[in-house]
Structure formats: C-alpha cells, structure tokens
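Lettering of chains follows the sequences in order, A, B, ..., and the numbering in each one begins at 1.
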2 protein chains.
Amino acid sequence: MSKAKRLNEMIMMVNRKKRFTVRELAEEFGVSKRTILRDLQELSEMGVPLYSEVGPNGGYQILNERVLPPIAFSEDEAVSIFFAIHALRHYLSLPFDIEYESIVKKFYLNLSGDIRDTIDRMQDRVDFQSIHQQEKIPFLKQLLDAAIQQDVLKISYETKGKTSSRTIQPIGIYAKEGKWYCPSYCFFREDYRVFRCDRIQSIERDETITPIDLSHITLKNRFSILNQKKERMEIYVELTKQGVETFQSVNWPNLFLRKRIDGSGYIEGVIEKHDIHFLSTYFISYGEHAMIKKPFELIERTKELINKVLNQYN
Amino acid sequence: MSKAKRLNEMIMMVNRKKRFTVRELAEEFGVSKRTILRDLQELSEMGVPLYSEVGPNGGYQILNERVLPPIAFSEDEAVSIFFAIHALRHYLSLPFDIEYESIVKKFYLNLSGDIRDTIDRMQDRVDFQSIHQQEKIPFLKQLLDAAIQQDVLKISYETKGKTSSRTIQPIGIYAKEGKWYCPSYCFFREDYRVFRCDRIQSIERDETITPIDLSHITLKNRFSILNQKKERMEIYVELTKQGVETFQSVNWPNLFLRKRIDGSGYIEGVIEKHDIHFLSTYFISYGEHAMIKKPFELIERTKELINKVLNQYN
DNA sequence: ATAACAGTGACAAATGTTGTCACTATCATA
DNA sequence: TATGATAGTGACAACATTTGTCACTGTTAT
C-alpha cells in the first residue's frame, strides 16, 4: 500500500470512528506506531482537525469539522457545481452561505483562467426567474441541523409585535413565496405548528427536554401524519384547449390532468386547505381558460377575491 | 519540490495549454524527460485524459474533459453541495444532469456512513416550493455552451404544429413558470427572438455563419440593449399596511417600496410590457391590499382578467 | 506507583524516485 | 529515402524519502 493511499484511507477511517488510538491505527494498517504518528502529523497539516489526549482512556478525536479525502473533479463537474450555487442566489439566506464561499475559493484556486472566464460568463447567461427574497434570515442552518439530528430548541419568536419563548423540535425547513418556514413540534402547545423563520429572534439548544421521535415525519408527509385529513378536499377544474397547454408544462403534487380528444380537458385531484388562496390566484391567471367546479371553498374564495379587486377599480 | 506538488501543478499546467511536449514540461519543472513520462503515466492513472502523438509536431493533448487537481472539502461543504443539487430537483431538465450524477457518486465513495445518513435525512427536510417542471427538455447544455462560447446553431423549431429551420446565436437560457426559454439572435429574422426550449427539436453547430459579437449582451440587459424602451412603463401601486408587509419580503427588479409612517405605502418603479399579465395576477392575489394607479395598461389588463373570470361564475 | 496513553529525536534499513543510457517506433518534410 | 523531432521502454546506479526500532519524556486515571 502506497503512502498516499494509506493517508486517504486513514482520513476515511478517522472520519468514521469517534475515538481511536495510535496503536489501533498501526494494527489496522500494518505499520509501526511511529509511522502512524508521522501520518497523523501530515493529516494535521492537510487540515484534518485532530485533537489528542494523553493518559489512560486517551487517544485521538476528530473535531466537528471533518475533512474528506481529496477528490478530483472534472472541469464540467466544477462548472455544474457553480451552476447549482448560482441557481440559489435569489435566496438571500441559505443554511450554507459560509460553505459556498469557501467552496468557491477552493475551486478558484485550481481552475485555469479560461474556465474561470467560462464560469463568469455563465453567471450572466443563466437565470431562474422566481420570487427574490428580501430579508436576511439567521438561524437557517441551526434549524436544519436540529431537524436532521432531532434536537430540541428554545427559540424566542415574534408574533404581532410580541416576543414569546417557545420550545420546539423542527421537522424541516421550506422556502415558499419569498419566505422560509419551519414546521415543528411545539412543546408549549403539544402540537405541530409552522413557524416563519424571519420571526425567530434567537435560538439555543435545549437539552433539558427529551426529544420525541420524529424520524417518520418529513416535509412530504407531515400533513397526512398530523391527522389533518379534514383539511383536504377534492378539486375539479374544467380547462379549455389553451388551458390544457398551459397546465401541461407544470407538475403540481396530487393534481392530475385528464385530456379529451378535442384538446380540452380537466384537472382532478386533492388539495389542502392552506393552498386555497394560492390556487385561486393561480386559476385567475388562466382567465377564461379555467373554470373551477369544486371544491366550493375554492370557488368562493376566487369570487371573493375577484369582488374585492373589482371594488377597487369601479 | 515534492512529487505530489509537482503532479498537482502539472495538472494545472496541462489544463492550461492546448498542446505540450515532454521536453517542454521537463524544462518547466526542472526534471528529466524520463520523470515527466512517469508522471504523465501517473496522471493518466488518476483519470487525466491524456492523448499523445509521435513524430514531428507531435506531443500531448488533453481530451475535452479536463480534470482538476484533487480538492479536500470538509463534510459540511459536501453536504452543502448536495443541498444545492437537491434544490434543483424540481427542474426536470438541467444543462448538467449527467454531471450531477457523477458528482454524487464521487462524494458517496468518500463519505462515512453517518454523513450519508445525514444527507439522506436532509433530502426529506428541506423543500423549495415552486412550480415543478413537467417536460423533459433536451439540448439545454448545448444552448448554454453556445451562449457562453458565442457559437451559431442551426435548430429545428416547432411552432403551431409546424417545424422550421432556424439559424440562431443564443444569448442565454432562463427558467420561468415551468418552462425554459432561450433568447437568441435569429439570423433568419435578423433580429432578437425568444425561443422556448421545449420546442427545439434538433440542434447542430453551424460553422458556415460568422458569429456576431454578443459579449456585451446578457440576460440582464438584453431588453434595454435591444431598443425596446417603448415597452417599458412606470408603475405606481397603493398598498395597505398588510400589503406593505407582504411586499416587503420579496424583491422585484426595478420595483421600489416607499413606506409611510402609518405603515401603509406604495410601490413605484419601471416594468416591462411582457410582465403585464404576470403582475396583474400578482396584484390580484393582494385582494383589497393593493390598488394599481398606473400604468393604464396594467389596470385594464387586471379589469379584463377579473371580468373574464367573473363571467365564468355568474 | 502503575499502566495506558501521546509524544520526540536519532539512525540504520527499507523502499521509492530520479536521471542516464541505450534502444525502439512514428511521422512530416526535404 | 534520410533526417530530425517527437513519444516511448527497460534497466540500473545514485539519490531521496519513508519506515521501524530504540531510548527516552510527559500526562493522567486508578
């Protein structure tokens, strides 16, 4: 085994173990302890964050920020990573802002000038048109980490000018219409709530509360799990030929397009109560090319909205 | 200079040069040709796509797919790359689908099981709610490459059931409301046109046409450059306090929020004619919290849309 | 006090790398 | 056809780097 290979495999092994001793590694790799000490010195110089303790029950640990063995990407792969990071730029706040800066730096050190030019040119030649976020939102990373690790957090949360303290366990985070939301289990209400991330004022880990098991709850199934079936309803919308063409190029969860021979069609499926407002404006944008048949609530909401706007201009 | 350092710098140097000889590299690095031959053999084994020709005017070339020197990312950086790729998943077609697969593979080879679990868990705990694309669209990469390199393309394009041949030079690509668009210079019309990418049936490079210089035209400035100033108009929209709060969390280009002491406010700025339909439905969604004062066209379009929908339900 | 751990420096032995040499092969050009 | 400019191979001595052994130091929980 070459030295370079041994170092790579050592990075992976130390990443895997919580603690380890020099003796352990020497046996694992079939080299002397002295060589392991030298290798660990070299990993340290490479940026692997090693921490050692002497004495009984001593040994080595890796600090939190683990380093991967070096990976050789192709330049197309590097460009595509820049593309993906670029695609996120209209989100003013992301859980990984710091990481994206360091990633860009690491790549730029290794890219030849002509590929850097290509990437710079690409930034002006790709766009994703959607809502741009305006507000800077702290704590996204903590919320996402807490959701992944199933940690309990104590937050201060602002509603209607007042700040209250809440103890929550996040399920995840999602971005919608310019805002970030965090559905969580709220220990205060002993129920599930959705929190707006821009209203969270402070955040800290709360280890006095035992987390509940949310491993079977995800963003996708959170509503069905939470016994909110009453809030789901069937939808049926008639579409003209043009309406069909417009709807055809997008994919809404749980909405299905049925086409007729003449080119017209209809949408059927299941929607949730909290989507009523959004869907009413969505189908208003179809004009005469969509006609909502049910649910009643969606028709009423649409009419209500129409009348409110009409009153503005008459 | 250590061997590892020499190999890294050699990767960067060969990426930079179109062609090179063993002698050239030997002089550059101050080692023997025999050593260079060995090094090139080792780079080859690392995956650097080298290609050699013997005889006068011989030497080495790099095949298209250039490989970067290995980079050691932290695990947080790896997770953030997965996050960015995950954020793109509702785009059914991207210019870099193939690359994302190979990137994921390369990382997975080097990640310890617990970080892989973290990434898997994260996929279910972050969401970006927006329009999901339905249609698979080929040629995105070719269009983007052509825009970056300023190449002329011959495409077959389908409109209204007919397919025509066009010779274009793309400016860039953008995603909007479930579709990909490609604004280009059209040699047939001798003017600028926007093409829907899903309607492009085939694509090939056309080297018989000399490209024009589009380096000063980007997605951002394409409309102002293209002498379409007549199509821009001033906007003024009165907002209630609640309207202000809703508008505040997003950022539209060229739209500026002005607040009053009582919490209400107004929007002023400049819009473009092709945004009229979208903005009318956007402000309809505000209900009674937004009142358009100008432009006249936007008010009329809003009224028109409202009346069309109203006729559906009365 | 003891054992189990990390750690250091020195040096000979083992291993890896390098350059030289002699040779082969290919190919464009005069 | 000969020549010169290129890539390429294998062998081996010289040189460089790595490794393991050894003797020693220091820390810490029991």
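Here the closest heavy-atom approach between residue B:L214 and residue B:Q150 is recorded as N-OE1, 2.9 Å.
Rounded to whole Å, atom C1' of C:dT17 lies 19 Å from atom NZ of B:K33. Rounding to whole angstrom units, CG of residue B:N57 and P of D:dT3 are separated by 20 Å. A straight line from CG of B:L40 to P of D:dT9 spans 11 Å, rounded to a whole angstrom. Between A:L37 atom CG and C:dA6 atom C1' there is a gap of 7 Å when expressed in whole angstrom units. The distance from atom CZ of A:R23 to atom P of D:dG20 is 17 Å, rounded to the nearest whole Å. The distance from atom CG of B:L25 to atom P of C:dG19 is 13 Å, rounded to the nearest whole Å. Straight-line distance from the NZ atom of B:K3 to the P atom of C:dT18: 6 Å, rounded to whole Å. Whole-Å rounding puts the B:Y51 OH to D:dT6 P distance at 17 Å.
Ring geometry, A:F107 versus A:F73: the interplanar angle falls from 30° to 60°, so the pair is classed tilted.
For B:F82 and A:F96, the ring centers sit 6.0 Å or farther from each other.
Panel note: side chain B:E65, backbone A:D76; no donor-acceptor pair is recorded below 3.5 Å. Although no hydrogens or angles enter the test, the distance criterion places a donor-acceptor pair under 3.5 Å between the side chain of B:N15 and the main chain of B:V67.
Side-chain proximity of B:T35 to the nucleotides D:dG20, D:dA29, C:dT18 is greatest for C:dT18.
Contact annotation: A:R38 does not reach the phosphate of C:dA6 (side-chain N/O to OP1 or OP2, under 4.0 Å). In terms of phosphate contacts, A:R34 brings no side-chain nitrogen or oxygen within less than 4.0 Å of OP1 or OP2 of C:dA6. The phosphate of C:dA6 has neither OP1 nor OP2 within less than 4.0 Å of any side-chain N or O from A:S52.
A residue-by-residue look at A:F20 and B:S32 shows that A:F20 has its nearest nucleotide of DNA chain C further toward the 5' end. Between A:V54 and A:V31, the residue anchored nearer the 5' end of DNA chain D, judged by the nucleotide with its closest heavy atom, is A:V31.
Among the atoms of the strands shown, only primed sugar atoms or phosphate atoms (P, OP1, OP2) are found under 4.0 Å from some heavy atom of B:R6.
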